[in-house]
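All chains are named by letter (A, B, ...) in the order of the sequence lines, taking the proteins before the strands, and each is independently numbered beginning at 1. When reading the values below, keep in mind they use all heavy atoms of this one structure, side chains included, and skip hydrogens, waters and symmetry mates.
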Amino acid sequence: MIRLESLTKRYGDLRAVDDLTLEVPAGELVVLIGPSGCGKTTTLEMVNRLVEPTSGHIFLEGKDVTRVNVSTLRRRIGYVIQQSGLFPHMTIADNVATVPRLLRWEKQRTVERVNELLALVGLDSATHATRYPRELSGGQQQRVGVARALAADPPVMLMDEPFGATDPITREHLQDEFIRIQSELRKTIVFVTHDIDEAIKMGDRIAILGEGSYIAQYDTPEHILSAPANEFVEGFLGEGLLLKRLQLARVRDIETFDDWPKLRLDDEPAVVQETLRHISREWVLVLDEQARPRRWARTSALREGTDRLSNPGEPIQTVLQDEFSLQQALQEMLISTSGGAVVVDADGRYRGVVYIETLNRAVRSMRADAEDQLVEVDRAAGNGGARR
Amino acid sequence: MNSASARAGTRRRATAQGSRRGGLTWPLLVTKPLVVGAACLLTYLWIDGQELGFTERGLLNASRLRRLTLEHLDVALSATLIVVATAIPLGIVLTRPGWRSLIVLATIGANIAQATTAFGAMVLIFLQLIESPGSTPGGAGRTAAILGMAAYAFLPVLRGTLTGLDQVDKQTLKAARGMGMTGWQVLRRVELPLAVPIMLAGVRTSLVLTVATTTIAALVGAGGLGVLIINGYESDRTTIIVAGFVATAGIAVLADWAGAVVERFLRPRGL
Amino acid sequence: MRVTRTIRNIALGLVFGFLVAACGEDATGEGPLAGQEFTIGTKGFTEHFILAQMTRHRLEDAGASVDVRDLPATAQVRKALLNDEIQLYWEYTGTAWTNFLGHDSVDPNVDPGELYQQVAADDLEENGVRWMEPATFNNTYAIVMGQEVAEDLGVTTLSELAELQQPREADMTLCVDTTFAEREDGLAAVERTYDFEWPRELVTSMDYAIVFASVAEGECNFGEVYATEPRIEELDLVILEDEANAFISYLPAITMLDETYQESGRQIEELVAPIVERLDTETIIGLNARVDLDGQRAEDVAQDWLEEEGLL
């Protein structure tokens, strides 16, 4: 757990960080985000005291580290920065081994740890360990940066725009991988970014900072998206708020309906005819023998015999699974022939269909929920608690 | 890792190694020494075919030339050694926080030392040496020449050290400190290795400068190849002047070459 | 110490780049040389500057237009004369004898006057260079030592010094100018005449300007200097007597190409004759002192002396 208490950094008359109090719960990833110059990087760098606070206190796992030996402190805090900050004259293995060596680990232990970490971040140590940073792609370098920060298994990590210098596709990739790693390791992380999408994606909580690291809102991404605390936050979240909300919610969170007409390839012809007679919709869903969605078929064509159930037709491109985001669901609906998106279970079997109306309802209820909770939080914390 | 970026990595690696090897191919390695050798041989053959006068016979013989060359190298290398041992530490100190304000002052000092004629500086040092009470007679010339040359060649090394340390990527340094390296560890493990190429370039410049300029050491009694050039000039013997010039230039070229070779080997891999 | 101070000032001047450029004034007037133009060469040391400036004043006084050109050393000045780039300059007999006429040494029994006769005749015949009457001072080499060294070693002549080699070899440290140890009429002449070898590791060659300081401060026990140096007396140095005439005599005289001499040589000779008569060893040392010790400009010293002597 990290607790910042009345942390202030002044440069002359300029208050870069002004009386900031913030708590990062153990095992959570807290994103600091805000307009450039708001003091988010300064705040981050005060945690490992690359910037010494003018006043205030830093607590790490309950202990005040504001005055302890700075090198010892830093060796207990993983640190990842933009453009990886790898040492260009050292091999990948040497880079990763930096902190273990500072801590005078045994050689064998260090070597094993390096191999373990390279594997963890998806790099093959046989081919990468002896290379130099410039022989790696930007994405690979960032992975090494993460591995290096994790080397001595620090309980706490600071990440300053760690994926900022990579192209969007690589960034997406790195983010996904890091989410996977974090779900295993459960480090306490402070993460600085200026990319709101990244914040929403990565953060267990997000602190939206204004000038002087003033906390405009500190909450889970869901709550911030559903109920921006004020105009500043709203402005910061920007356009496409609905889409961002959809990004957060999963298919499993919303209702699926099994009311769409469907036919299985192994249905008896009599059943087929009977079903076709009662269908009022233009499209019917065709499932295969294992009940896996196969294609959409035009009801009239089947009735008139110009299309047959067994025809391959155009197969369904994408089906939704529980962990897909609502944004993906929406995308699917928009391109779907029938206007609905098909949901399947883990084995690929048809589970139901979601409609655009369902999405709408879900978003509305998300918002209401969040507002209720905020009211509760406000009541509990007297004059605002985390929301100053 | 996906195979495309792995392949890209391999490709980058190949070019990186290619260019490193490219700098050390053997024709490049031997070209300069060969050219110098050829120049010396031609000079020898040309002088050998001439009828030599008294002064020429005294100066242009193997043992005398060897002695002059050794004197020359003694002064030039000692001066370079002193410069390396002083300018690099000074450059390091000046780039530490709290000392940076003195950089301008130090650079001005080093600039003045270089802008003054090295001869003037040598004479002043020489007079100071022989006048200082308790000095043992003899050898003042060599000391004066070495110190004068050291003052003269100080700037390139200081500047190389300052530039070399300054150009180290600030993100890299922040990462080093952020991971818990002490100031000394950052300097030794990150800053210095990354500054080495530019620092060495400064040393190389200074070495070449020193070797070429040490000819004036002859004017304060330190001998060296300047003896040839001065006597050749005053006795108007082209043979002696050419011999002095070829020898000095040859050593300067070889010093530059040696610097280049050392640079190749001391440059950290991965850069 | 005055001498060291002067050198130090020069060195400081070098260091900080104070350069004083001397420029000749254009003066044309009336007189036997009216309308004629001459360039006088100098070799870049005090005495030679003074001689050149005296000559310039006398020639200008006679209506000529005179330029003084500073050249680095003997070789360049002589070359300029032979190419008629300069029309006249002061040369020393010993220099001509060894450098231009190809002799390695001189018979010790030949006196300075006789050497002059021989040089003048040979140089005219072989090279077409005319020598005017020489001044009487002899600016030859001299080996000097400090008073303390003289008392300690008890030597007064070069032959006694040669004897010293066995018992006190380590004391024979010698500071010489950059060429003395390399030329045939220099250290080699001493060794040949007095039949000994000066250990080369004890000989330090340096710029002439710091030889005096080196001897005065004990960096060397002995030094090689020019006989007309005012600093010998100033520093209380003792000249080792060259009783076997190891050093060739160096009498200064104006030299010019014979063609030039045919045109205007006689007038010039007449104009310079009063200078030549008056310049004995004592006089030239005094004049050198005004420049080297008192820091006056050679040009001013020449003019002042000519005025004192009523020659201007």
- Is the number of heavy atoms from other residues, nucleotides or ligands under 6.0 Å of B/Q167 CD greater than 12? yes

Looking at B/W99, I'd like to know if its CH2 atom is crowded, meaning that more than 12 non-hydrogen atoms belonging to other residues, nucleotides or ligands lie closer than 6.0 Å. no

If one checks every heavy atom of C/T173 against chain B at 4.5 Å, the contacting part turns out to be neither

Honestly, the part of C/T179 sitting under 4.5 Å from a heavy atom of chain B is both

Residues C/E219 and B/F126: closest non-hydrogen pair is CG-CZ, 4.3 Å

The complete set of salt bridge (charged side-chain N to carboxylate O under 4.0 Å, His left out) pairs with one or both residues in residues 71-99 of chain C, sequence neighbours excluded, reads B/D236-C/K79, C/K43-C/E91, C/R69-C/E85, C/R78-C/D123

So the salt bridge (charged side-chain N to carboxylate O under 4.0 Å, His left out) pairs with at least one residue in residues 192-205 of chain C (sequence neighbours excluded) are C/E191-C/R200

Sorted by chain and residue number, the side-chain contact (heavy atoms from CB on, under 4.5 Å) partners of B/A76 (sequence neighbours excluded) come out as B/T210, B/V211, B/T214

Filtered by a 4.5 Å non-hydrogen cutoff, the part of residues 242-258 of chain B contacting chain C is none

Looking at B/R64 and C/E182, is there a salt bridge between them, counting it only when a charged N and a carboxylate O are closer than 4.0 Å?
yes

Of the listed C/T204, C/N99, C/D207, the one with the largest count of heavy-atom pairs under 4.5 Å with chain B is C/D207

Rounded to the nearest 0.5 angstrom, the OG1-CD1 distance for C/T178 and B/I229 is 12.5 Å

Interatomic distance, CG@B/N231 vs OG@C/S205, rounded to 0.5 Å, equals 7.5 Å

In terms of heavy-atom pairs under 4.5 Å with chain C, the winner among B/G226, B/G139, B/A118, B/A140 is B/A140

With chain C, the option among B/I130, B/L59, B/T55 that has the most non-hydrogen atom pairs under 4.5 Å is B/I130

Side chain, backbone, both or neither of [X] within contact of chain C (heavy atoms, under 4.5 Å):
X: B/A218; answer: backbone
X: B/Y233; answer: both
X: B/V227; answer: side chain

Heavy-atom side-chain proximity of C/T74 to B/E234 below 4.5 angstrom:
no

